[in-house]
Amino acid sequence: ATFSLGAPAGSSKVGTGITVSAAPTDGESGLRQVEFFYCDTSGGPCVPSISIGTGTEVLGIYSVNWDTTGLTDGHDYALDAVATDNVGHTTASSPSTVTVDNSPPVVAVATPAPVTGNAFQSYDAANKRLWLNATQSGSFKLRATASDPDSGISSVTFPAMLGSGSNAGTLNAGVYE
């Protein structure tokens, strides 16, 4: 019978340690093992033939953790699983393609934007320090640029300056504030 990978979903962006899973069945002799494979599609279509490992079965789902640290960031990789029954017959899953991204995003502090009290604050760009007059009041927006060529940026969060919590950044003309 045909089957598909359960995870990761096709077209996903994945990093190292991602779980690859499938839930094949065999109503005849039962399953002996499920092995997972990959190949780099950057040179064109390929048949997954490099072993990720043999899956461990839990409640009918076979899974293995995939260490992608040695793979090329930004490349697409085809994944599949091969189920072997207790008689030795094999069936391959339909392949799924994912993009590997093991690199962290690049983040740079941008000049904070004064909101109020501009006369009572200054920014030292060389040392990336914001100086505030402790006896005056005012407010500013923290700003940063962020990029990741392989998977993009989903969010930028600024830590709380005073107190607890954090603040989600909003993209404004290429800069998160």
Side-chain angles (χ1 to χ4, degrees), residues 1-110 142-159 166-177:
T2 61
F3 66 100
S4 301
L5 292 179
S11 302
S12 295
K13 314 285 193 224
V14 301
T16 198
I18 189 78
T19 298
V20 182
S21 67
T25 59
D26 182 90
E28 304 289 322
S29 65
L31 290 173
R32 179 185 322 153
Q33 72 176 24
V34 176
E35 189 168 4
F36 296 89
F37 297 91
Y38 74 93
C39 65
D40 186 341
T41 65
S42 64
C46 62
V47 175
S49 60
I50 302 167
S51 179
I52 296 171
T54 301
T56 303
E57 186 265 336
V58 175
L59 300 173
I61 299 173
Y62 292 80
S63 64
V64 65
N65 285 335
W66 185 24
D67 180 356
T68 63
T69 54
L71 303 181
T72 305
D73 278 1
H75 279 206
D76 289 337
Y77 290 86
L79 305 171
D80 77 2
V82 175
T84 304
D85 69 14
N86 286 316
V87 188
H89 300 122
T90 62
T91 301
S93 70
S94 52
S96 182
T97 302
V98 298
T99 303
V100 167
D101 180 7
N102 291 322
S103 298
V106 175
V107 180
V109 174
L142 293 177
R143 302 174 77 226
T145 59
S147 65
D148 187 319
D150 299 317
S151 62
I153 301 295
S154 64
S155 68
V156 172
T157 303
F158 295 99
S166 61
N167 301 298
T170 304
L171 187 59
N172 182 11
V175 176
Y176 290 90
E177 301 180 319

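Side-chain atoms are counted along with the backbone in the values below, which use heavy atoms only and exclude waters and symmetry mates. Note that the coordinates shown come from a computational prediction; the quantities given were computed from them, not determined experimentally.
Under 3.5 Å, the side chains of S51 and E35 contain a donor-acceptor pair of N or O atoms. A donor-acceptor contact under 3.5 angstrom links the side chains of T16 and D67, judged on distance only.
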Could you walk me through whether Y38 and W66 pass the ring pair (Phe, Tyr, Trp, His ring centres under 6.0 Å) test, one step at a time? CA-CA 10 Å; Y38 74 93; W66 185 24; 5.4 Å; yes
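A donor-acceptor pair under 3.5 Å links the side-chain atoms of S21 to the main chain of A7, judged by distance alone. Between the side chain of N86 and the backbone N or O of G88 there is no donor-acceptor pair closer than 3.5 Å. Between the side chain of D26 and the backbone N or O of D85 there is no donor-acceptor pair closer than 3.5 Å.
How far CG of N102 is from OG1 of T72: 9.5 Å, rounded to the nearest 0.5 Å. The distance from the CD1 atom of I18 to the NZ atom of K13 is 13.0 Å, given to the nearest 0.5 Å. The CG atom of L5 sits 6.0 Å away from the CG atom of L79 when rounded to the nearest 0.5 Å. Distance check: I52 CD1 to S63 OG gives 11.5 Å after rounding to the nearest 0.5 Å. Taking OH from Y77 and OG1 from T68, the interatomic distance works out to 8.5 Å, rounded to the nearest 0.5 Å. Here the OG1 atom belonging to T99 is positioned 3.5 Å from the CG atom belonging to D76, to the nearest 0.5 angstrom.
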